[in-house]
Amino acid sequence: MDAFDLFRKLGAGAKFDFKRFGKDADRFKQGEMEGEGILWTSSADRKAKGLQKVERDKEKISMKRLKQLHQEKVNRVRAQHRINVHGCDVPDPVCTFSELQSEYGLNPRVLQNLSSAGLTTPTPIQMQAIPLMMHGRELLACAPTGSGKTLAFCLPLLTHLKQPANLGFRALIISPTRELASQTHRELVRLSEGVGFRVHILDKASMAAKKYGPSSNKKYDILVSTPNRLVFLLKQDPPALHLSSVEWLVVDESDKLFEDGRSGFRDQLAAVFQACSGPRVRRALYSATCVPDVEQWCRINLDNLVSVNIGHRNSAVETVEQELLFVGTENGKLLAMRDIIKKGFLPPMLVFVQSIERARELFHELVYEGINVDVIHADRTQQQRDNVISSFRSGDIWVLICTALLARGIDFKGVNLVLNYDFPTSAVEYIHRIGRTGRAGHTGRAVTFFTEDDKPLLRSIANVIKQAGCPVPDYMLGFKKIHSVVVREADCHVIVFDPRHGQNKVCIRICSFDSCNNPAHYA
DNA sequence: AAAAAAC
């Protein structure tokens with residue numbers, strides 16, 4: 001065993017930076033060789049024994065110093081990228097994709113696919129989560145929206161599987177919506193191009209064909225699906241799908257899939273976990289937001305859990321300029337919306353509403369405005385949903401009205417504005433919705449309408465906005481469950497006031513609304 | 001609290 005192998009063992013997967021620690025390494029190597037020479041000579045010589053001890057001490061000190069220097073460097077890299085990690089024996093982060101080839105045997109063709117896709121440097125979550133999964137570690141990963149989580153689990157899967165094999169599905173990825181499953185599937189296909197993996201998505205056609213049943217040839221490797229489809233196939237007698245060959249189970253948007261209650265995802269997810277019964281199954285849970293429930297579950301059920309957090313947990317991405325807009329009433333929303341359209345905006349824009357019915361209504365209000373607007377929600381047919389997504393991606397639709405269906409994971413290139421037409425139902429939903437813009441380091445903008453009715457949640461959203469570095473009026477942060485804060489008039493700040501609205505006079509502003517009596521704010 | 005998720 002040479003010095004570096006020994007070092008690696010002690011560092012528990014630590015990598016060695018030859019450039020940075022070259023001098024220490026040389027000194028160390030020399031010391032080791034001298035030491036060895038002594039070890040193998042006759043032990044009868046006392047002098048030699050004394051020398052041996054000196055050399056051993058030298059070696060110990062040198063080793064300790066090396067470890068220390070190395071750890072300092074690793075700490076610096078983690079701090080610089082805001083990587084927080086909890087767990088035992090955590091491997092070092094990688095700083096380049098090519099290290100993944102040299103250190104972990106990433107397929108060169110995959111590396112080539114990465115660079116053709118313009119991906120040159122790993123993002124913080126990729127730097128730390130990839131080595132962890134490469135070491136077969138189970139993990140809970142939390143990283144901001146648009147920070148590269150999909151790639152962070154896809155690369156280790158492809159490396160782990162090595163090459164196509166006819167053993168049945170060896171990797172499974174679960175997503176909360178069909179749109180997200182389909183996007184992840186596409187990403188995997190693109191990433192593994194030329195390697196020959198059979199990447200499948202569970203859709204109606206594949207389910208009808210019964211092609212994963214007991215009599216199938218098992219010529220497939222990776223499966224992407226929403227949970228209920230899987231459960232449906234698993235429940236059939238005999239089961240139309242076997243997951244006992246699964247070696248990696250990835251739960252994307254994990255907090256969503258842990259949602260409890262009568263119609264939550266949790267039971268479905270439990271059935272999937274149970275079906276992945278192989279002795280070697282490893283599990284990884286990813287999301288931009290993490291709730292205590294999920295963390296608790298992971299601590300109890302995962303093997304030697306490592307949790308990785310990038311930046312602060314449950315925070316909005318900092319590349320989005322966020323704004324709260326008081327619109328007074330329902331009618332005020334529509335007026336403000338028309339105002340945005342009239343003033344001119346840079347498409348594409350995503351507009352979130354709280355229910356399917358509201359999505360339909362808003363669509364009918366806007367369809368005659370002379371802009372390319374469409375709507376998507378779970379009550380539309382899969383064909384319609386697919387068409388809408390592809391038209392929005394291609395730029396044929398400028399304004400897309402949507403429900404929470406599109407709140408998570410969906411990666412539209414270059415969404416310029418996310419409009420929360422209806423107030424989000426929680427801070428977590430807010431974080432995911434506005435995360436459809438400002439992705440991969442690009443800038444974005446999010447505007448959130450609010451009315452009197454939204455006051456109960458205003459404070460928690462205002463806190464998220466403030467934490468992301470956007471200004472919010474102090475009184476919003478001071479809101480308590482029982483409103484008792486007296487608001488100074490100086491806090492009443494008119495954002496938009498358009499006298500052209502005639503009879504439907506509207507005041508659009510950030511202020512305390514109920515205690516504001518400034519007539520200028522009401523025209 | 002609504003949405004999503006099978007046929």
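Chain A is the first sequence line, chain B the second, and so forth, proteins listed ahead of strands; every chain is numbered from 1.
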Discussion item. Quick check for you: among B:dA3, B:dA6, B:dA1, whose closest atom lies nearest to any side-chain atom of A:S263?
Written reply: B:dA3
Discussion item. Can you say whether a donor on the side chain of A:Q268 sits under 3.5 Å from an acceptor on the base of B:dA5, or the other way round?
Written reply: yes
Worksheet item: In whole angstroms, how far is the C1' atom of B:dC7 from the CG atom of A:L234?
Response: 15 Å
Worksheet entry | Between B:dA5 (P) and A:D203 (CG): distance, integer Å | 14 Å
Item to complete: For a ring pair (Phe, Tyr, Trp, His ring centres under 6.0 Å) with A:F169, tell me which candidate from A:W248, A:F197, A:Y220 qualifies.
Response: A:Y220
Discussion item. As a test of reading the structure: which of B:dA3, B:dA6, B:dC7 is closest to the side chain of A:R178, going by heavy atoms?
Written reply: B:dA6
Worksheet item: A:R385 near the nucleic acid: base, sugar-phosphate alone, or nothing, with a heavy-atom cut-off under 4.0 Å?
Response: sugar-phosphate
Worksheet item: Any idea which of B:dA6, B:dA5, B:dA3 is nearest the A:R229 side chain?
Response: B:dA6
Worksheet item: With a non-hydrogen cut-off below 4.0 angstrom, is A:P176 in contact with a base, only sugar-phosphate, or nothing?
Response: sugar-phosphate
Response to the item:
Between CD of A:Q236 and C1' of B:dA6 the distance, given in whole Å, is 10 Å
Practice prompt. Mind checking A:L233 for me? I need base, sugar-phosphate or nothing, with any heavy atom below 4.0 Å counting as a touch.
Written response: nothing
Worksheet item: Nearest-Å distance, CZ (A:R262) to C1' (B:dA5)?
Response: 13 Å
Practice prompt. Could you please name the option among B:dA4, B:dA3, B:dC7 that lies closest to any side-chain atom of A:A378?
Written response: B:dA4
Worksheet item: Angle class for the A:F153/A:Y286 ring planes (parallel below 30°, perpendicular above 60°, tilted otherwise)?
Response: perpendicular
Practice prompt. Return the value, rounded to whole Å, for the distance between atom CZ of A:R433 and atom P of B:dA2.
Written response: 14 Å
Worksheet item: At under 4.0 Å, does any side-chain N or O of A:T226 touch on OP1 or OP2 of B:dA6?
Response: yes
Fill in: Rounded distance in Å - CZ (A:F265) to C1' (B:dA6)
12 Å
Item to complete: Ignoring hydrogens and angles, state whether a donor on the side chain of A:S394 or A:D396 is under 3.5 Å from an acceptor on the partner side chain.
Response: yes
Discussion item. Among B:dA2, B:dA1, B:dA6, which nucleotide has an atom closest to any side-chain atom of A:S355?
Written reply: B:dA2
Fill in: Nucleotide B:dA1, atom C1' - distance to CD1 of A:I461 in whole Å
14 Å
Worksheet item: Taking NZ, NE, NH1 and NH2 as the nitrogens, is one of them in A:E295 or A:R313 under 4.0 Å from a carboxylate oxygen of the other?
Response: yes
Worksheet item: Hey, is the main chain of A:M476 close enough, under 3.5 Å, to the side chain of A:R459 for a donor-acceptor pair?
Response: no
Worksheet item: Hey, does the side chain of A:T403 come within less than 4.0 Å of B:dA4's phosphate (OP1/OP2), counting only N and O?
Response: yes
Worksheet item: Taking atom P of B:dA1 as reference, at what distance in whole Å does atom CG of A:D453 sit?
Response: 15 Å
Item to complete: Could you tell me whether A:K204 contacts a base, only the sugar-phosphate backbone, or nothing, with contacts defined as non-hydrogen atoms closer than 4.0 Å?
Response: sugar-phosphate
